Each structure stands twice: as C-alpha cells, then as structure tokens.
Peer 1: 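Before anything else, here's the structure in question.
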Amino acid sequence: MGSETVNVGVIGAGAIGSVHADNLTRRTRGATVTAVTDIDDEKANAVAAACEGARVYTDAGDLIAAPGVDAVLIASTDATHADFTISCLKAGKPVLCEKPLATTLADAERVLRAELAAGRRLAQVGFMRQYDQAHRDLYNLLKTGDIGAALKFRSVHINPLFSRVLTIDSVITNSLIHDIHSARWIMGEEISSAYVQWLPVDPARPRGARLADIQVIFESGALGSLEYNGDSGYGYEVTVEVTGETGSVRTASHPSPSLRQSGTLSRAITPNWPERFAQAYIDEVQDWINAIRRNEATGPSAWDGYMSLVVADASIRSAETGGPQPISASARPSLY
C-alpha cells in the first residue's frame, strides 16, 4: 500500500475492541477506523462516534466486504473468530484477530487451510505479550546464549478477582492461551506434552477453576510450568522466568517505582490487564499497520494461533482424563 493510510474495520466494540479502536484512531500512524460493527448497537455507535465518523455496520460480512475497509480487526466473541477470519482471508484483506484464533482445534485448522489456500500470510493473532517490552527484553537476552540452553520455562498469570468464574476449559482457551504462545515463542520450539491440574472454586462447581497449572515438556526435553490464578485478591501480574544451563532470566514484575516509607518497602501493582499491557496493545497495532503498508506480514501468525490451540486441545484432554497428553501436529508449512 506504500504510504497510504490503512482504513480499518473493527468487529466487536466491547472492552478490547474499544481499546483497539481508540489506539488505531489516536495512537497509530497511518491508520484510520472507517467501520465498526457489534451485536450491541449502542456500543457500536459509541465506538464509531469516538472514531470520528466511522460508519456503523449491522452485519460483519458487509463490513469485511466494504470497499472502504482495507483491513479488519476482530475483537468479537471468541466463537466468531474463526469464521470472521476466514471471511477476511477469502476477501484478501489483512486481519488482526484477537486471541484465541478459534475455540476448537477443528476451527483453527479451517483458518489455517484458508490462509494456505490464499497463498500468502494475511492473518495475525492478538498475542500482544510478544510486543510487551518486559517479554521482549527477556526474549532478546535469552537469544544471546549468555545463560546457555534453556532448561525450564515458567510463567505466572495472576488476575485480581473473578469477574466471572471460568471453567477449566475456558481458562485454558481464553487465559492460558497467552502463556502457551509465550512459551512457544520464547523457547523457540514446540511443546510435546501437557499435563493439567487445577483447584475448583468450590465443590458445587467442580469444573470452575480458581487456580490451574499446565506442566509441559518441550521437544528438546526442556520443562515448563504455566500457572493461572483467577482470584488473587490483590492485582494483576504476568511474569516469565527461564532457567538456563549457566543462569536464569526473569521479567521485571512491576513497572512501578519502589517506595520506602515508615519502615516498609512497597511497589504498586497494576489493577488489571488494560493498564499492564497498555503500551503493548499500541505497539501491536502499530506494527500490524506498518506491515500492511509494506505489503508484508509480521507478528504472531495463523500457525501460532493454530499451534496454541493444538496445545490447548491436549491440555483440555488432560483435564478430562487426569493424565498427561502427548501433542502432535503436522509439519510447519513453508508459508510460516
């Protein structure tokens, strides 16, 4: 597209959709939001008005097909992601789809086949931690080889309190999916097995997960632990640590300064994900727009979205059977 402005259509005007629309409108060079749709007309109209003249569509298919839309950002409910992404691929339009790429492995495979049929990368998946500076710093340090080969990956994903109780299946596909991608990206290899354990919220809701852990083994034999806490009661944290042969590296836990006062040492903790990853979301859409203008594709791919669901599918089977589950997938296509 050269130096032209990218006209973006946003599907989904909820919490994350409104964040993306605002970032595209006010904090992204070379982009403008020209179209918005949501099943809630009030939300769609509010976001469109905030985007200074974007048109409201009542049908996502019409938005995708609109000649005034060059690219599409999907932030609708998870169950719609696969079909909307496939529609974008068939229309030949770049698409940034929020995680997860799909809610089932079968649907993720459909997306992958559609992009392979298109013959070029058009889809990016919203694993925004890949744009978080703390994660990137750890990734870059690990790649220097200063701590030798990576022996273990550990991530901790802590939420402040329940906004809604998720089943263990939803925890895996909606929250731990981020950690699954981070593990694959940072370690630079695939996961070969997964074993899930979790603590229920209460006996009356045995599938409702308060705390969960996925123990993984990577193809090299390295170990991994992906921990989720749905109700910490104190704030939002995401940390990653990698143990190597000659040392270890860990992300900084908090961006806030240390406070020493009245015999105490303290640091503020971010209240929730919009504050913790605010800059990462901005950098994510800017990188996406820059790539579109260069007629390129960067960032987490449809293959990453698919493989994260391969691991998630095995993890759900582990939760059902109570034992570790092997993971196998087809060879990585040359497109990726």
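Bear in mind that the values here come from a model prediction, so they are computed numbers and not experimental data.
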Peer 1: Has the side chain of S232 got a donor or acceptor atom that lies under 3.5 Å from a matching backbone atom of N159?
Peer 2: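 Checking the backbone N and O of N159 against the side chain of S232, a donor-acceptor pair under 3.5 Å is found.
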Peer 1: Taking all atoms of both residues into account, what is the closest heavy-atom pair of L223 and F218, and its distance?
Peer 2: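 Heavy atoms only, the tightest pair is O-CE1, 3.5 Å.
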Peer 1: Of all the heavy-atom pairs spanning A71 and I292, show the shortest one and how long it is.
Peer 2: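 In this case the closest contact between A71 and I292 is CB-CD1, 3.8 Å.
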Peer 1: Going through the distances and angles, do R121 and E296 end up as a salt bridge (Lys or Arg N to Asp or Glu O under 4.0 Å)?
Peer 2: CA-CA 8 Å; R121 279 189 55 186; E296 296 177 358; over 6 Å; no
Peer 1: Inspect the contact between R27 and D22 and indicate whether a charged nitrogen and a carboxylate oxygen are less than 4.0 angstrom apart.
Peer 2: yes
Peer 1: Could you check R110 against D107 for salt bridge (Lys or Arg N to Asp or Glu O under 4.0 Å), going step by step and ending with a plain yes or no?
Peer 2: CA-CA 5 Å; R110 289 198 299 119; D107 279 346; 3.1 Å; yes
Peer 1: Does R129 make a cation-pi contact with F127, if we ask for NZ or CZ under 6.0 Å from the ring centre and within 45° of the axis?
Peer 2: no
Peer 1: Check whether the side chains of Y281 and Q286 place a donor and an acceptor atom closer than 3.5 Å, and report yes or no.
Peer 2: no
Peer 1: Would you sort out whether D287 and Y131 count as a side-chain contact (heavy atoms from CB on, under 4.5 Å), showing the intermediate values?
Peer 2: CA-CA 9 Å; D287 185 71; Y131 295 92; 2.9 Å; yes
Peer 1: Can you tell me how far the CG atom of D169 sits from the CZ atom of R207, to the nearest 0.5 Å?
Peer 2: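 D169 CG to R207 CZ: 4.5 Å, rounded to 0.5 Å.
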Peer 1: Would you find more than 12 non-hydrogen atoms of other residues, nucleotides or ligands less than 6.0 Å from E42 atom CD?
Peer 2: no
Peer 1: Is there side-chain contact between V165 and F162, with heavy atoms separated by less than 4.5 Å?
Peer 2: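 In contact.
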Peer 1: Can a donor-acceptor pair be found, under 3.5 Å and without considering hydrogens, that links the side chain of S248 to the backbone of V242?
Peer 2: no
Peer 1: So, taking the atom named CG in D283 and the one named CD in Q130, what distance separates them when rounded to the nearest 0.5 Å?
Peer 2: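 Result: 12.5 Å between the selected atoms.
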Peer 1: If Ile, Leu, Val, Met, Phe, Trp and Tyr residues are connected whenever their side-chain heavy atoms lie under 4.5 Å apart, and connections chain through other members, are V249 and Y139 in the same group?
Peer 2: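 Yes, because V249 and Y139 connect within a single hydrophobic cluster, where side-chain heavy atoms sit under 4.5 Å apart.
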Peer 1: Could you tell me the separation between the NE2 atom of H178 and the CG atom of D132, rounded to the nearest 0.5 Å?
Peer 2: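 One gets 11.0 Å once the value is rounded to the nearest 0.5 Å.
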Peer 1: Going from CE on M128 to NZ on K99, what distance comes out if it is rounded to the nearest 0.5 angstrom?
Peer 2: 8.0 Å
Peer 1: Can you get from V310 to F153 by hopping between Ile, Leu, Val, Met, Phe, Trp and Tyr side chains that sit under 4.5 Å apart?
Peer 2: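 Cluster IDs for V310 and F153 match.
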Peer 1: Decide if atom CG of L141 counts as having more than 12 heavy atoms of other residues, nucleotides or ligands within a radius under 6.0 Å.
Peer 2: yes
Peer 1: Go through the steps to decide whether R293 and E4 satisfy the test side-chain contact (heavy atoms from CB on, under 4.5 Å), and finish with yes or no.
Peer 2: CA-CA 7 Å; R293 295 173 72 192; E4 296 178 10; over 6 Å; no
Peer 1: Salt-bridge test for R317 and D313: reply yes if a basic N is under 4.0 Å from a carboxylate O, no otherwise.
Peer 2: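 Salt bridge between R317 and D313, a charged N being under 4.0 Å from a carboxylate O: yes.
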Peer 1: Would you check if the side chain of T270 reaches a backbone N or O of Y236 as a donor-acceptor pair within less than 3.5 Å?
Peer 2: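 Yes: the side chain of T270 pairs with the backbone of Y236.
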Peer 1: Should L24 and Y57 be counted in the same cluster of Ile, Leu, Val, Met, Phe, Trp and Tyr side chains packed under 4.5 Å apart?
Peer 2: no
Peer 1: Carefully, step by step, assess D231 and R210 under the rule salt bridge (Lys or Arg N to Asp or Glu O under 4.0 Å).
Peer 2: CA-CA 6 Å; D231 193 23; R210 178 188 183 90; 3.5 Å; yes
Peer 1: Any side-chain heavy atom of T167 sitting closer than 4.5 Å to one from V171?
Peer 2: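 Contact flag for T167/V171 side chains = no.
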Peer 1: State, yes or no, whether a side-chain contact exists between I74 and L96 at a heavy-atom distance under 4.5 Å.
Peer 2: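 They are not in contact (no side-chain heavy atoms under 4.5 Å apart), so the answer is no.
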Peer 1: Does some side-chain heavy atom of L89 sit less than 4.5 Å from a side-chain heavy atom of F84?
Peer 2: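 They are not in side-chain contact.
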Peer 1: Given 3.5 Å as the limit, does a donor-acceptor pair link the side chain of E98 with the main chain of V125, or not?
Peer 2: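 Such a contact is absent between E98 side chain and V125 backbone.
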Peer 1: Verify side-chain contact (heavy atoms from CB on, under 4.5 Å) between V8 and W288, making sure each step is shown before the conclusion.
Peer 2: CA-CA 11 Å; V8 181; W288 179 55; 4.1 Å; yes
Peer 1: What is the minimum heavy-atom distance between R26 and A50, and which atoms define it?
Peer 2: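 Distance-wise, the nearest heavy atoms are NH2-O, 2.7 Å.
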Peer 1: Rounded to the nearest 0.5 Å, what separates atom OG in S18 from atom CD1 in I16?
Peer 2: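 Taking OG in S18 and CD1 in I16, the distance rounds to 7.5 Å.
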Peer 1: Would a distance-only check, ignoring hydrogens and angles, find a side-chain to backbone donor-acceptor pair under 3.5 Å from S318 to G323?
Peer 2: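 Side chain of S318 to backbone of G323: a pair is present.
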Peer 1: Between K152 (side chain only) and A222 (backbone N and O only), is there a donor and an acceptor less than 3.5 Å apart?
Peer 2: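 Absent.
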Peer 1: Does any N or O in the side chain of R332 come within less than 3.5 Å of the main-chain N or O of Y336, such that one atom is a donor and the other an acceptor?
Peer 2: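 At least one qualifying donor-acceptor pair exists.
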Peer 1: Would you say the side chain of E241 lies within less than 4.5 Å of the side chain of L138, judging by non-hydrogen atoms?
Peer 2: no
Peer 1: Which is it for R294 and N290 under the side-chain contact (heavy atoms from CB on, under 4.5 Å) test, yes or no, and what are the steps along the way?
Peer 2: CA-CA 6 Å; R294 298 191 305 266; N290 291 346; 3.6 Å; yes
Peer 1: Taking the side chain as every heavy atom from C-beta outward, state whether S192 and I327 have any atom pair closer than 4.5 Å.
Peer 2: no
Peer 1: Check whether N272 reaches the backbone of P274 with its side chain - one donor and one acceptor, N or O, closer than 3.5 Å.
Peer 2: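 No, N272 side chain to P274 backbone: no donor-acceptor pair under 3.5 Å.
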Peer 1: Evaluate salt bridge (Lys or Arg N to Asp or Glu O under 4.0 Å) for K93 paired with D70, printing each intermediate quantity in order.
Peer 2: CA-CA 6 Å; K93 295 187 177 182; D70 303 317; over 6 Å; no
Peer 1: Between G92 and R120, what is the shortest heavy-atom contact and its length?
Peer 2: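 Heavy atoms of G92 and R120 come nearest at O-NH2, 3.4 Å.
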Peer 1: State whether a side-chain donor-acceptor pair under 3.5 Å links D78 with T173.
Peer 2: no
Peer 1: Under a 4.5 Å cut-off applied to non-hydrogen side-chain atoms, are L142 and I147 in contact?
Peer 2: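 L142 vs I147: side chains touch.
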Peer 1: Give a yes or no on whether M307 and L122 share a hydrophobic cluster (residues Ile, Leu, Val, Met, Phe, Trp, Tyr; joining criterion: side-chain heavy atoms under 4.5 Å apart).
Peer 2: yes
Peer 1: Quick one: which of I177, V311, V240, L176 gives a side-chain contact (heavy atoms from CB on, under 4.5 Å) with L226?
Peer 2: L176
Peer 1: Report yes if the side chains of I217 and I191 come closer than 4.5 Å at any heavy-atom pair, otherwise no.
Peer 2: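 Answer no - side chains too far apart.
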Peer 1: Where the side chain of H181 meets the backbone of D304, is there a donor-acceptor pair that is under 3.5 Å apart?
Peer 2: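 Side chain of H181 to backbone of D304: no pair is present.
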Peer 1: Could you grab the distance from atom OG1 of T239 to atom CD of E227, nearest 0.5 Å is fine?
Peer 2: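 Going from the OG1 atom of T239 to the CD atom of E227 covers 8.5 Å.
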Peer 1: Taking Y228 as the fixed residue, which of L166, I172, L211, D213 is the one that meets the side-chain contact (heavy atoms from CB on, under 4.5 Å) rule?
Peer 2: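 It is L166, the one option of L166, I172, L211, D213 that forms the side-chain contact (heavy atoms from CB on, under 4.5 Å) with Y228.
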Peer 1: In terms of side-chain heavy atoms, does E189 have a donor or acceptor partner in S220 at a distance below 3.5 Å?
Peer 2: yes
Peer 1: So which atom in I269 and which in G235 form the shortest heavy-atom distance, rounded to 0.1 Å?
Peer 2: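 Scanning both residues, the minimum pair turns out to be CG2-CA, 4.0 Å.
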Peer 1: Kindly work out whether a path of hydrophobic side-chain contacts (I/L/V/M/F/W/Y, heavy atoms less than 4.5 Å apart) joins V69 to V56.
Peer 2: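 In one cluster with V69: V56, no.
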Peer 1: Looking at every non-hydrogen atom in both residues, tell me the closest pair between P160 and P271 and how far apart they are.
Peer 2: CG-O, 3.3 Å
Peer 1: Report yes or no: do E237 and H157 form a side-chain donor-acceptor pair below 3.5 Å?
Peer 2: no
Peer 1: Ignoring hydrogens and angles, tell me if any N or O in the side chain of T37 forms a donor-acceptor pair with the backbone of I11 under 3.5 Å.
Peer 2: no
